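To start, the structure under review is shown below, and the notes come after it.
Remember, predicted model here, so these are calculated numbers, not experimental data. All chains are named by letter (A, B, ...) in the order of the sequence lines, taking the proteins before the strands, and each is independently numbered beginning at 1.
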Amino acid sequence: MTHRRTAAIALGGLSLAATLAGCAPTPAESAGGSTGADAATGGSTASEPYADGDYTATGEYQTPGGTESIEVEVTLAGDAIDTVTVTGNATDSTAQRYQGEFIDGIAAEVEGVDIDELAVDKVAGSSLTSDGFNAAIEQIKADALA
Amino acid sequence: MHRIATGAGGRFEFPDDAPALFALYRDLYDCTAGAVSPLVGRALEQWGYDSAYSLRAASVIDPVPRWDDAIAWDGSALETVGPVVVDVGAAGKGYLVDLVGGVLADAGIHSFTIDASGDIVHRGGRALRVALEDPRDARKAIGVATLGDGALCASATTRRAWPGAHHMIDAITGLPTDAVIATWAAAPTGLVADGLATALFFADPAGLADRFDFEWVRMLRSGEVQSSAGFDGEVFA
């Protein structure tokens, strides 16, 4: 089974990158992960414009279920990325899930909204603390001031 | 529980409602590589979360024993090799809510909401809109969930906390966990939703989704909020 995502925008690639960092057993390995065929970067320097065309690279990473890989196709035009296609080649079912449907919503630094302003029936937060717990916390505060 | 914690090892028979709880715990233990464990009880006490709420950490915190080294659950009885503090706090209250719901159902009541502070089970009637309380400020919400027939359980490290520690102990490290600060899990039962709300502090959600049918939201220490594809509700971005 193959998950194929054609990302018209950079976000698709970003969320996949987050996916790989999340499931690789050791982030350090994944960060240094130039393990795949590295077609696009050979010999270029920063000042040199990149030739237009399609570039493909495969990145491999180790999972508890064995070696998995993803394939990234980039089309360059005028020194800019025109399209990016990321294809997960996962064979293991766990890796398939990681590659295909890991975190589907990510919202950076969410700002809370006043509950009073929301029309809701209930509030789900962590359990309220017991009187005994609260009394103990107050005691610690008092001790800290003494 | 007291005899298990203080006496020598042995075989302890449990009542009929225990098997579901222990079975879930074993699943969570396996899914989180041992981070969620009923054996954190001793460490939790040593961090200060004891029956007297001393809320002061001991100078030495014992490592949490591995499940297979310390206990065996055979479906109706717990066998131990020595004194262990069994803590079912990760899923026990959600399970209790299920049991209360069962009492209502037995009495012919099929449309109800049980809100046990952190654990909500809703059956029948229209779906509820439930605010997801901001762990950093209880007056605010970071999103709203729609709860039809099922359970929604929440957990956070910010409220049940005291100087230097909180109640969410990673059984692998023996330390209070810190990468995730709040979780919400929606599942068919309170037992499973409560247990998964705990597991979301320690495990990749995708791995949990291999084993359990559930939806989730969680907030990282950075303030970033993640949610599952099928989460029924909204997160305020």
Main-chain N/O of Arg129(B) paired with Asp121(A) side-chain donor or acceptor, under 3.5 Å: yes
Arg139(B): partners by salt bridge (charged side-chain N to carboxylate O under 4.0 Å, His left out), with sequence neighbours left out: Asp137(B)
Non-hydrogen side-chain atoms of Val130(B) and Val123(A) separated by less than 4.5 Å: no
Ala138(B) versus chain A, the contacting section by heavy-atom distance below 4.5 Å: backbone
Side chain / backbone / both / neither for Thr113(B) at chain A, heavy atoms under 4.5 Å: side chain
Nearest atoms (heavy-atom pairs only) where Gly125(A) meets Ala154(B): O-CB, 3.3 Å
Atom group of Leu152(B) that falls short of 4.5 Å from chain A, counting heavy atoms: side chain
Residue part contacting chain A, namely of Arg211(B), when any heavy atom lies under 4.5 Å: neither
CG on Leu128(B) to NZ on Lys122(A), rounded to 0.5 Å: 7.5 Å
Interface residue of largest heavy-atom contact number with chain B, from Asp114(A), Leu118(A), Asp116(A), Ile115(A), under 4.5 Å: Ile115(A)
Heavy-atom contact with chain A under 4.5 Å, split by part of Ala33(B): neither
Under 4.5 Å from a heavy atom of chain A, the part of Ile120(B) involved: side chain
